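See below for the structure under consideration.
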Amino acid sequence: MKCNQVDPELYDKRFESVPREGYLDTHWRPLVRKAIAKYCHSKNVALDIGCGTGAYFMPMLEEHAVVVGLDISLPFLMHGKNRNRSLNLLRGDAHTLPIKNNSIDTVTCNLFEYVDREIVAGEIYRVLKKDGICLILTPNKYSLCRMPLKLGAKALRKKNSVREASRKELANLFQRNGLEMVECRMDDGLIWLPNSLDRWSGKRIYSLIEGFFRPLGCNPFSNMMLIVVRKTAG
């Protein structure tokens, strides 16, 4: 996603205007809030990498920590600051975080599909304190929502700038970078539907699929993954 080509206000309101986005928000936001409450404690310092306008992770983090939001998009940061002057926002690149070593208790991140994950994982390791936690919300490589679009792009030989990873690939990535995966949640029921069907009954269909996989504890075709990793040394 090229943020400078996206209207920040429309981006923040996508949950209201697109049913599939609304379903994902309803499903994942309470789980993110619960994970933050579990791992982020009073007097913690938190960093939200790829914060955009600061409208998603930051309000939840602020309930438990002093928070800095970082993003490379100036229009998104300006929109966030205009909406809420109290936000502590910083312009910077996830590949070269302008943050001191071993200074952050909790990191949140939702841009792994757009960056060089190896470099960013190394940067997360560098800035986290020992036993520090990182919460990552990221698309699943094997999502049944994204798969038809990816196959269509491949058939048309279109280059895709979005590079999703699988759970196994991310587990190996974190292990190489001194980060231990302590949780991985994959349980939304999103699949690809035509827009007309999505508007008419998408949320009901997604909820039915979600319910089908619930007894199994994991949906391998979940659109998103919520991953928690811990810095194990350093």
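Keep in mind the model is a prediction, meaning the values are calculated, not measured.
- Hydrophobic clustering keeps Y56 apart from M78 (ILVMFWY residues linked when any side-chain heavy atoms are closer than 4.5 Å, directly or through intermediates).
- For the pair E9 and R83, the salt-bridge criterion is not met [side-chain N within less than 4.0 Å of a carboxylate O].
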message: Run R214 and D187 through side chain to side chain contact (heavy atoms under 4.5 Å, CB included) and show every step you take.
response: CA-CA 7 Å; R214 188 175 294 120; D187 58 4; over 6 Å; no

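- Listed for the R176 side chain is no donor-acceptor partner under 3.5 Å among the backbone atoms of G122.
- Side-chain contact check for I209 versus L144: every heavy-atom pair is 4.5 Å or farther apart.
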Please tabulate, one pair per line, all N/O donor-acceptor pairs under 3.5 Å involving side-chain atoms of residues 223-234, not counting sequence neighbours.
residue: N223; atom: OD1; partner: S143; partner atom: OG; Å: 2.8
residue: N223; atom: OD1; partner: R146; partner atom: NE; Å: 3.3
residue: K231; atom: NZ; partner: N102; partner atom: OD1; Å: 2.8
residue: K231; atom: NZ; partner: Y125; partner atom: O; Å: 2.8
residue: K231; atom: NZ; partner: L128; partner atom: O; Å: 2.6
residue: T232; atom: OG1; partner: G178; partner atom: O; Å: 3.2

Check against side chain to side chain contact (heavy atoms under 4.5 Å, CB included), S73 and T53: CA-CA 9 Å; S73 170; T53 65; over 6 Å; no

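- Taking the side chain as every heavy atom from C-beta outward, L193 and Y206 approach each other to under 4.5 Å.
- Hydrophobic clustering (side-chain heavy atoms under 4.5 Å, transitive across Ile, Leu, Val, Met, Phe, Trp, Tyr) groups I136 together with I104.
- Using bins of under 30°, 30° to 60° and over 60° for the plane-to-plane angle, the ring pair F213/F221 lands in the perpendicular bin.
- Looking only at side-chain heavy atoms (C-beta outward), V6 and F76 come within less than 4.5 Å of each other.
- For R163 and E169, the salt-bridge test fails: no basic side-chain N is under 4.0 Å from an acidic carboxylate O.
- Checking each of R204, E210, K203 against Y23 for a side-chain hydrogen bond (donor to acceptor under 3.5 Å, both in side chains) leaves exactly one that passes, namely E210.
- Here the side chain of H95 pairs no donor or acceptor atom with the backbone of V115 at under 3.5 angstrom.
- Here the side chain of D188 pairs no donor or acceptor atom with the backbone of S222 at under 3.5 angstrom.
- Taking NZ from K100 and CZ from R126, the interatomic distance works out to 11.5 Å, rounded to the nearest 0.5 Å.
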- request: Let me see the working for L89 and M58 under side chain to side chain contact (heavy atoms under 4.5 Å, CB included), right down to the final yes or no.
  value: CA-CA 10 Å; L89 300 177; M58 290 188 73; 3.6 Å; yes

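- When the options V107, D48, L97 are evaluated for a side-chain contact (heavy atoms from CB on, under 4.5 Å) with L70, the one that passes is L97.
- Counting heavy atoms from C-beta on, the side chains of F174 and L170 come closer than 4.5 Å.
- Here the CG atom belonging to L190 is positioned 10.0 Å from the CG atom belonging to N219, to the nearest 0.5 angstrom.
- Y39 places none of its side-chain heavy atoms less than 4.5 Å from the side chain of N44.
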task: Could you please spell out the steps behind the side chain to side chain contact (heavy atoms under 4.5 Å, CB included) verdict for M147 and Y142?
output: CA-CA 7 Å; M147 190 65 71; Y142 301 115; 4.2 Å; yes

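- Within 6.0 Å of the CD atom in E118, the count of heavy atoms belonging to other residues, nucleotides or ligands exceeds 12.
- A cation-pi contact links R14 to Y11, judged by a cut-off of 6.0 Å to the six-membered ring centre and 45° from its axis.
- Atoms CG and CG, on L179 and L173 in that order, are 8.0 Å from each other to the nearest 0.5 Å.
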